Structure formats: C-alpha cells, structure tokens
> 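Got a structure here, written out as structure tokens. Questions coming.
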Amino acid sequence: LFTFAVRCESINDTVNKMVNAGLERPKILDMSRNQPRGGKLSWRVARFEGHPFGSFLPFVIEWTDGHHPAQSLSHDCTLDAFSISHPEAAQLSEYLNLMGVSIVCSTGIKSLCVKLSTPNGEVALET
C-alpha cells in the first residue's frame, strides 16, 4: 500500500480549502479513458506537494461524468478499516478533515493500513 485517493464533489473547492490551509496549489489534471464495454470515464485529479506527509496525504479525484467506476463492480469485497500512523498525525488529521475524510490517524511510525473483507476472508494491506 503506497498511497490513496479521496473523492471530492468539487476539486476546485477542495484545492482552495487546502491552499487556504497552507499547502501549495497543485496542478489539476483532466484525465479520461475508454471502458472495455464502451463508454468513457472522465475525472480530474490533483496531488499536493511540498509538505511533510508525502504519500500519506492523498491525492483528490473528481469524477466529472457523474459515474464512479466502482458502481459497475461486484460488491463481494468491502473496506472494513483504514488507518494511518504518522509522526505529524495531528496536522495530517487537520488536512484530512478539510478534505472531508474521517480516517483514524495516530501518532507513530509512518504506516497506512487497510482491512478488507473478501470472499476468501479478511485481507490486510499495510506499508
């Protein structure tokens, strides 16, 4: 597990909140791809840089066509838990809250941890 994304309704609003909180303004990239069964997915992404959190501060994504690709996936795998440990947990938590994310963030050695329920049992992914 290296990093993660946070979905936002308005990438412009989210970026502005983060810049107002002291982060550098990132480039917002427009991206898209054709789906194998037809149709096109479109999204916009931004990755914040120049801060001490590295990949522990997620990049943000806005699905511009209103269709999130997870809507067409099977639902036999679920996210049960997501936690972050970082030496600067308090500040990181503030940024995550500005993004609209409530993830457990504790002070400690840098670590991302995800627990999933799958048809084959629980799976944990960790840095």
Side-chain angles (χ1 to χ4, degrees):
L1 186 59
F2 176 70
T3 192
F4 61 106
V6 168
R7 180 183 183 184
C8 57
E9 295 300 319
S10 168
I11 200 165
N12 292 329
D13 290 348
T14 302
V15 165
N16 287 337
K17 284 181 193 175
M18 302 303 281
V19 169
N20 289 339
L23 293 180
E24 295 176 18
R25 182 169 299 278
K27 289 182 183 178
I28 297 175
L29 303 174
D30 293 309
M31 305 179 87
S32 65
R33 72 172 172 86
N34 293 322
Q35 297 182 64
R37 295 183 184 139
K40 185 176 183 177
L41 290 175
S42 300
W43 63 94
R44 302 174 76 205
V45 296
R47 178 179 293 284
F48 299 95
E49 297 180 354
H51 56 78
F53 307 109
S55 60
F56 288 75
L57 186 68
F59 64 95
V60 290
I61 185 167
E62 174 189 345
W63 295 97
T64 55
D65 61 5
H67 176 77
H68 190 288
Q71 293 169 329
S72 60
L73 297 174
S74 70
H75 297 285
D76 51 355
C77 182
T78 58
L79 175 66
D80 292 337
F82 191 120
S83 62
I84 299 174
S85 178
H86 194 279
E88 302 293 330
Q91 172 109 38
L92 180 55
S93 291
E94 288 178 27
Y95 287 133
L96 291 169
N97 287 332
L98 283 175
M99 291 179 168
V101 177
S102 53
I103 296 174
V104 174
C105 194
S106 58
T107 303
I109 297 171
K110 294 179 182 178
S111 174
L112 295 173
C113 183
V114 174
K115 291 186 181 175
L116 307 168
S117 289
T118 75
N120 297 322
E122 186 176 277
V123 174
L125 303 173
E126 190 170 355
T127 54

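Quick caveat, the model's predicted, so the values are computed rather than measured.
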> Side chains of V6 and T14, heavy atoms from C-beta outward: is any pair under 4.5 Å?
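Not touching, per the 4.5 Å side-chain cut-off.
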
> Mark yes when over 12 heavy atoms from residues, nucleotides or ligands other than Q91 sit less than 6.0 Å from its CD; otherwise mark no.
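Yes, because the 6.0 Å sphere around CD of Q91 holds more than 12 heavy atoms from other groups.
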
> With hydrophobic residues grouped by side-chain heavy-atom distances under 4.5 Å, do L29 and I11 end up in a single group?
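No, L29 does not connect to I11 through the hydrophobic network.
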
> How long is the gap from CG on L41 to CD on Q35, to the nearest 0.5 Å?
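Taking CG in L41 and CD in Q35, the distance rounds to 4.0 Å.
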
> For D30, enumerate each residue passing the side-chain hydrogen bond (donor to acceptor under 3.5 Å, both in side chains) test, keeping only those at least two apart in sequence or located in another chain.
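By the side-chain hydrogen bond (donor to acceptor under 3.5 Å, both in side chains) rule, D30 matches R44.
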
> Is there side-chain contact between V101 and Y95, with at least one heavy-atom pair below 4.5 Å?
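Side chain of V101 against side chain of Y95, heavy atoms only: no contact under 4.5 Å found.
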
> Starting at OG of S111, measure out to CG of L1 and round the result to the nearest 0.5 Å.
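Those atoms lie 8.5 Å apart.
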
> Are F59 and I28 connected in the hydrophobic side-chain network, where two residues link if heavy atoms are under 4.5 Å apart?
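Result: no, two separate clusters.
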
> In sequence, state the C-alpha distance, the side-chain angles, and the governing distance for V114 and L112, and then conclude on side-chain contact (heavy atoms from CB on, under 4.5 Å).
CA-CA 7 Å; V114 174; L112 295 173; 5.9 Å; no

> If I take atom CG from residue L98 and atom CG from residue N16, how far apart are they, to the nearest 0.5 angstrom?
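Interatomic distance, L98 CG to N16 CG, rounded to 0.5 Å: 12.0 Å.
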
> Roughly how far apart are N120 CG and S117 OG, rounded to 0.5 Å?
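If I round to the nearest 0.5 Å, the distance is 11.5 Å.
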
> So T3 and R47, do their side chains get closer than 4.5 Å, heavy atoms only?
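Sidechains of T3 and R47: in contact.
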
> Main chain of S32, side chain of S42: is a donor-acceptor contact present, judged purely on distance under 3.5 Å?
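A pair under 3.5 Å: no.
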
> Hey, could you give me the NE2/CD distance between H51 and E88, rounded to the nearest 0.5 Å?
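Those atoms lie 13.0 Å apart.
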
> Do F82 and F4 have their ring centres less than 6.0 Å from each other?
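Yes, the ring centres sit under 6.0 Å apart.
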
> Would you say P26 and E49 make side-chain contact, with heavy atoms under 4.5 Å?
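Not touching, per the 4.5 Å side-chain cut-off.
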
> L57 and M99: side-chain contact (heavy atoms from CB on, under 4.5 Å), yes or no, with the steps?
CA-CA 10 Å; L57 186 68; M99 291 179 168; 4.0 Å; yes

> Return the OG to NE2 distance between S106 and H86, rounded to the nearest 0.5 Å.
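Answer rounded to 0.5 Å: 11.0 Å.
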
> Below 4.5 Å, heavy atoms only, C-beta onward: do P52 and L92 meet side chain to side chain?
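Side-chain contact under 4.5 Å: no.
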
> When you look at CG of L79, are more than 12 heavy atoms from neighbouring residues, nucleotides or ligands closer to it than 6.0 Å?
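Yes - once you tally the heavy atoms of other residues, nucleotides and ligands closer than 6.0 Å, there are more than 12.
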
> Looking at every heavy atom in both E24 and G50, which two are closest together, and how far apart are they?
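The pair with the smallest heavy-atom distance is OE2-CA, 3.7 Å.
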
> Is V104 reachable from L125 through a run of I, L, V, M, F, W or Y residues, each pair having side-chain heavy atoms under 4.5 Å apart?
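Different hydrophobic clusters.
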
> My understanding is that only residues two or more places apart in sequence, or in another chain, count here; which of them pass side-chain hydrogen bond (donor to acceptor under 3.5 Å, both in side chains) with D76?
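Once residues adjacent in sequence are excluded, the partners of D76 under the side-chain hydrogen bond (donor to acceptor under 3.5 Å, both in side chains) criterion are S74.
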
> Kindly check if the number of other-residue, nucleotide or ligand heavy atoms within 6.0 Å of CD (E9) is above 12?
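Incorrect, the count does not exceed 12.
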
> Taking the side chain as everything from C-beta on, heavy atoms only, tell me whether M31 gets closer than 4.5 Å to V45.
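Yes, close enough: below the 4.5 Å cut-off.
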
> Compare every heavy atom of P87 with every heavy atom of K110, then report the nearest pair and how far apart it is.
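Taking K110 first and P87 second, the nearest heavy atoms are CG-CD, 3.6 Å.
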
> Return the orientation label for the W43 and W63 ring planes: parallel under 30°, perpendicular over 60°, tilted otherwise.
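Tilted: the ring planes of W43 and W63 meet at 30° to 60°.
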
> Are the side chain of S55 and the backbone N or O of F2 linked by a donor-acceptor pair below 3.5 Å?
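Pair found, side chain donor or acceptor close to backbone of F2.
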
> Is there a chain of hydrophobic side chains (I, L, V, M, F, W, Y, each step under 4.5 Å between heavy atoms) that links F53 to V60?
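Cluster IDs for F53 and V60 match.
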
